[in-house]
Amino acid sequence: MEEIDVPPFFLCPISLEIMKDPVTVSSGITYDRESIEKWLFAGKNNTCPVTKQALSTSSDGELTPNHTLRRLIQSWCTLNASYGIERIPTPKQPINKAQISKLLNEAKTPQSQIKCLKRLRSIAGENQTNKRCLEAGGVVDFLASMVNNFSTHSEFSEYGFDQYDSTRPVDEALSILCNLQVSEHGLKNLMCKNGVFVESLTRVMQRGTYESRAYAVLLLKSMLEVADPMQLINIRPELFIEVVQVFHDQISHQASKSALQVLINLCPWGRNRIKAVEAGAVSILIDHLLDTLERRTCEMMITVLDLLCQSADGRAELLKHGAGLAIVSKKILRVSQVASERAVRILFSISKFSATKSVLQEMLQLNVVAKLCLVIQVDCCNKTQDKAREVLKLHARAWKNSPCIPANLLASYPA
């Protein structure tokens with residue numbers, strides 16, 4: 001295609017590409033909608049990229065369309081069609097609050113609620129602006145109330161929904177909530193509803209379909225990341241049982257990682273370590289560590305185990321499992337620096353607080369002590385090496401002269 005000069009004011013200042021949907025921000029600068037939305041909302045910036053001036057958008061996040069500039073760009077595209085320039089289509093305007101209110105007000109019967117959910121999914125899928133408009137229009141509360149209502153029934157297909165559509169309303173509502181990418185403010189509101197919505201998500205994970213359970217744990221992860229410490233402390237034991245079960249069932253890679261992140265976020269607070277241990281987390285994590293090779297998942301599982309082994313119950317469960325000490329030791333120097341550090345910390349917790357004579361002997365027989373000597377020799381994180389030295393020094397009298405440690409490693413045993 002022959003090169004032609006593009007008028008500079010047709011180009012988005014961020015991407016330097018021809019604007020398809022020009023919008024003007026409060027600083028007076030015009031950007032392409034997709035670029036400025038990515039800057040403002042995905043990038044969580046609140047300044048104009050050109051002027052660095054603080055920006056103020058309307059409460060529903062709408063930007064002012066620059067229709068004049070868009071028509072000029074379309075006319076220029078038409079005039080230069082012979083050079084292979086395609087005319088940009090007129091963008092579809094984002095949904096407004098009046099349309100959203102009308103849609104929600106009409107959702108009174110089972111049939112209309114199903115239609116409403118389908119329409120909401122379609123609207124949310126069109127662009128990021130629609131997602132923010134839907135949230136500002138009360139859609140998050142509407143969807144949360146549907147999840148609350150249906151999760152209280154023994155079956156999610158109450159009221160004859162299945163005769164109208166194969167999709168269950170609770171699945172659809174949770175799917176849309178996840179797709180909306182609810183703002184931090186919206187997530188905090190969901191957490192603050194007297195724990196009702198968290199209880200609903202717990203029931204969904206307990207009795208829902210695989211799809212709804214996956215959506216529930218994804219949404220829960222986002223909510224807990226913005227929750228206050230007191231809310232984290234008061235999480236009920238039932239939630240731990242269901243989160244651990246979602247991870248155990250391996251519904252999807254994303255759901256499993258979200259379940260692990262939920263445990264990472266919760267376990268440092270209050271008695272949550274005990275709740276997770278009582279939910280069977282330790283043995284399930286060890287079982288899955290035996291088969292998992294993916295780096296990030298291994299890191300997260302070892303991180304959760306590290307948190308749980310900071311409690312006596314967690315250490316007892318790890319030692320009770322036949323492969324507990326062996327798999328933790330095996331992951332050292334085989335996964336990543338992060339995994340090695342967390343695994344050595346687990347061994348430190350065991351050796352400092354739960355080191356019976358039989359445990360110390362088992363650590364020798366499983367080559368755990370030899371692996372710690374190897375950590376000192378190889379080039380790895382100083383923090384990990386220091387922690388390995390501490391473990392070896394703690395029980396030097398029992399381990400130092402053992403024939404279970406190869407001679408080449410015994411030489412590195414700390415004095």
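It should be emphasised that the depicted structure is a prediction, and the values quoted were computed from it without experimental measurement.
- More than 12 heavy atoms of other shown residues, nucleotides or ligands fall within 6.0 angstrom of atom CD in Gln250.
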Note to self: I'd like to know whether Lys387 forms a side chain to side chain contact (heavy atoms under 4.5 Å, CB included) with Lys383, so could you lay out the CA-CA distance, the side-chain angles of the two residues, the decisive distance to 0.1 Å, and finally the verdict.
What the structure shows: CA-CA 6 Å; Lys387 192 64 73 175; Lys383 189 184 298 184; 6.0 Å; no

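- Contact between Ile286 and Gly324 at its shortest, heavy atoms only, is CD1-CA, 3.8 Å.
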Pairs under 3.5 angstrom only: tabulate donor-acceptor contacts from the side chains of residues 288-302 to other protein residues two or more places apart or in another chain.
from: Thr292; atom 1: OG1; to: His288; atom 2: O; distance (Å): 2.6
from: Glu294; atom 1: OE1; to: Thr297; atom 2: N; distance (Å): 2.8
from: Glu294; atom 1: OE1; to: Thr297; atom 2: OG1; distance (Å): 2.4
from: Glu294; atom 1: OE2; to: Arg296; atom 2: N; distance (Å): 3.3
from: Arg295; atom 1: NH1; to: Glu299; atom 2: OE1; distance (Å): 3.3
from: Arg295; atom 1: NH1; to: Glu299; atom 2: OE2; distance (Å): 2.7
from: Arg296; atom 1: NH1; to: Glu299; atom 2: OE1; distance (Å): 3.2
from: Glu299; atom 1: OE2; to: Ser336; atom 2: OG; distance (Å): 2.5

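- In this structure, Ser122 contributes its side chain and Lys118 its backbone to no donor-acceptor pair below 3.5 Å.
- Residue Ile18 holds its CD1 atom at 11.0 Å from CD of Glu86, rounded to the nearest 0.5 Å.
- Annotation: the span from Leu143 atom CG to Cys178 atom SG amounts to 10.5 Å, rounded to 0.5 Å.
- Between the side chains of Gln128 and Arg132, no donor-acceptor pair of N or O atoms lies under 3.5 Å.
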Show me the donor-acceptor pairs, under 3.5 Å and distance only, between side chains in residues 232-246 and residues at least two apart or in other chains.
from: Asn234; atom 1: ND2; to: Met230; atom 2: O; distance (Å): 2.9
from: Arg236; atom 1: NH2; to: Glu199; atom 2: OE2; distance (Å): 3.3
from: Gln245; atom 1: NE2; to: Asp249; atom 2: OD1; distance (Å): 2.9

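- If you run side chain to side chain contact (heavy atoms under 4.5 Å, CB included) between Leu374 and each of Leu409, Val369, Ile332, Asn367, only Leu409 comes through.
- Checked by atom type and distance alone, the side chain of Ser329 never pairs as donor or acceptor with a backbone atom of Leu325 at under 3.5 Å.
- Under the 4.5 Å side-chain criterion, counting only non-hydrogen atoms from C-beta, Leu201 is in contact with Met223.
- Remark: Tyr413 OH to Arg389 CZ distance equals 12.5 Å, nearest 0.5 Å.
- Within 6.0 Å of atom CG in Asn105, more than 12 heavy atoms from other residues, nucleotides or ligands are found, so the atom counts as buried in its surroundings.
- Atom OG1 of residue Thr24 and atom NE2 of residue His67 lie 10.0 Å apart, to the nearest 0.5 angstrom.
- Checking side-chain atoms of Asn45 against main-chain N and O of Trp39 turns up a donor-acceptor pair under 3.5 Å.
- Residue Ser311 holds its OG atom at 4.0 Å from CD1 of Ile274, rounded to the nearest 0.5 Å.
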Next item on the list: Before giving the answer on side chain to side chain contact (heavy atoms under 4.5 Å, CB included), spell out for Val204 and Tyr215 the whole-Å C-alpha distance, their side-chain angles and the decisive distance to 0.1 Å.
Entry: CA-CA 9 Å; Val204 170; Tyr215 285 131; over 6 Å; no

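- Using modelled atom types, one side-chain atom of Glu135 and one backbone atom of Ser183 make a donor-acceptor pair closer than 3.5 Å.
- Distance check: Asn96 CG to Lys102 NZ gives 11.5 Å after rounding to the nearest 0.5 Å.
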